[in-house]
Amino acid sequence: MAGIPPDGTGSGLNAQDLLLLPLGFAVGAFGTLVGAGGGFVLVPVLLLLYPEKDAQTITAMSLFVVMANAMSGSVAYARQGRIDYRSGGWFALSTLPGAIAGAIVVGYIPRRAFDAGFACVLGAIGVFLLVRRSNQGIVAPVTGWGTVRRRLTDASGNTFFYSFKMQRGIGLSAGIGFLSSLLGIGGGIIHVPVMATVLHFPIHIAAATSQFVLMFMAAEGTAVHFSTGTLHWDSSLGKAVILAAGAIPGAQSGAWLSHRVQGGIILRALAGALILVAMRLGLKAAGI
């Protein structure tokens, strides 16, 4: 239940918890590379590492790490000049109600049901990214009411042109805010594919702008978990801080790698990781 302190099985930090540092680094690097914050990798790992913790505690820990990761990644992407601040600002604002609601609702979901639902969401997104045809040709221009057009030149001199329906982006971001906070994944794992395929953002701009939105989205959910008492130093917050300490430099590495990896490769890597994690988590939910 929301507001009920997490289980007391964790009695403070120990030497083994330092192993969370490299895990945080890996999560930060890969999460920032794909613009997803890393929560989609971290949550299933935490579910496997801490089977005694409830879903609310796991998502609270993940959102704290995603928040730190997104802040670090946003700084790196800001230096690269790839964040669409005008669009990202509207998207971040629209996630606020859903992010708060999701952080509250997760307290009412049983752990096994959470595992199964999380596996289904990840698997569906992964399959979609694999089977969809990658359109590298000319996309028909978006027209009509609510259409905004963007021209963005990054720090390396690359210029990106794209257009999309602002009201569609705001509506989708509102729903993503709820689902991401509910699952503790920050939302980038959903937001990046949506921005790239539905709103026609260039993948590198989508990944960078998603990190900017994630910074606010994860902070909103984390604030709710602090207010309800879910995050405690002796059982969850200390571990989350160690993970975040690894994720911050990892995010810088992921942003650096984004300059050297093609957009199509990013999407395929994202899809493969999603399907593998979904399969493992689905087996766990089934008791296998």
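- When hydrophobic clusters are built by joining Ile, Leu, Val, Met, Phe, Trp and Tyr residues whose side-chain heavy atoms come closer than 4.5 Å, directly or via intermediates, F25 is not grouped with M67.
- Minimum interatomic distance between A247 and V65 (heavy atoms only, all atoms of both residues): CB-CG1, 4.0 Å.
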**OP:** Please test T95 against I176 for side chain to side chain contact (heavy atoms under 4.5 Å, CB included), starting from the C-alpha separation and ending with a verdict.
**Re:** CA-CA 7 Å; T95 66; I176 291 169; 5.9 Å; no
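- Annotation: side chain of W90 is not in contact with side chain of S173 (no heavy-atom distance under 4.5 Å).
- The two atoms that bring P97 and L93 nearest to each other are CD-O, 4.1 Å, heavy atoms only.
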Original post:
side chain to side chain contact (heavy atoms under 4.5 Å, CB included) between H191 and F91: does it pass, once the steps are laid out?
Top reply: CA-CA 10 Å; H191 217 195; F91 295 164; 4.1 Å; yes
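- Closest approach of F201 to D84, counting heavy atoms only: CE2-OD2, 3.8 Å.
- Taken from CD1 in I109 to CG in D115, the straight-line distance is 11.0 Å, to the nearest 0.5 Å.
- Looking only at side-chain heavy atoms (C-beta outward), F64 and S236 stay at 4.5 Å or farther from each other.
- Here OG of S87 is found 10.5 Å from CZ of F212. Values are rounded to the nearest 0.5 Å.
- Note on I205: it clusters hydrophobically with M166, by side-chain heavy-atom contacts below 4.5 Å among ILVMFWY residues.
- Side-chain contact check for T57 and T230: no donor-acceptor pair (N or O, by modelled atom type) lies under 3.5 Å.
- How far OG of S210 is from CE of M217: 7.0 Å, rounded to the nearest 0.5 Å.
- With hydrophobic clusters built from ILVMFWY side chains whose heavy atoms lie under 4.5 angstrom apart, L23 does not share a cluster with L48.
- In the hydrophobic clustering of ILVMFWY residues, with side-chain heavy atoms under 4.5 Å counting as a link, V105 and M61 come out together.
- Between the side chain of T222 and the backbone N or O of A219, no donor-acceptor pair lies under 3.5 Å.
- Judged by distance alone, with hydrogens and angles left aside, the side-chain atoms of S181 form no donor-acceptor pair with the main-chain N or O of I100 at under 3.5 Å.
- Remark: the backbone N or O of N69 is not paired with any side-chain donor or acceptor of S72 at under 3.5 angstrom.
- Separation of atoms CZ (F161) and OG1 (T153) is listed at 7.0 Å; rounding is to 0.5 Å.
- Considering only heavy atoms from C-beta on, R82 stays 4.5 Å or farther from Q211 through its side chain.
- Using the six-membered ring where Trp is involved, F164 and Y162 have ring planes that are parallel, under 30° apart on the 30 and 60° scheme.
- Put simply, the side chain of L182 does not reach to within 4.5 Å of the side chain of T59, judged on heavy atoms.
- Contact annotation: the side chain of Q80 never approaches that of W256 to less than 4.5 Å [non-hydrogen atoms, C-beta and beyond].
- Cluster membership for F30 and V27, using ILVMFWY side-chain heavy atoms within less than 4.5 angstrom, is shared.
- Here the closest non-hydrogen pair linking A245 and L21 is CB-CD2, 3.8 Å.
- Looking at every heavy atom in both residues, I83 comes nearest to A78 through CD1-N, 3.8 Å.
- Checking each of R151, R149, R150 against S163 for a side chain to side chain contact (heavy atoms under 4.5 Å, CB included) leaves exactly one that passes, namely R149.
- Considering every non-hydrogen atom in both V224 and S227, the closest pair reads O-OG, 2.6 Å.
- Looking at V106 and F114, their side chains come closer than 4.5 Å, going by heavy atoms from C-beta outward.
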**OP:** Start with the C-alpha distance between F160 and H204, add both sets of side-chain angles, then the distance that settles ring-ring contact (aromatic ring centres under 6.0 Å, His included), and finish with yes or no.
**Re:** CA-CA 10 Å; F160 303 88; H204 289 296; 7.3 Å; no
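- To the nearest 0.5 Å, atom OG of residue S94 and atom CZ of residue F216 are 12.0 Å apart.
- With contacts defined as side-chain heavy-atom distances shorter than 4.5 Å, the pair T209/V192 does not qualify.
- Note: L172 CG to K165 NZ = 13.5 Å, rounded to the nearest 0.5 Å.
- When side chains are defined from C-beta on, I58 counts as touching V43, because their heavy atoms get closer than 4.5 Å.
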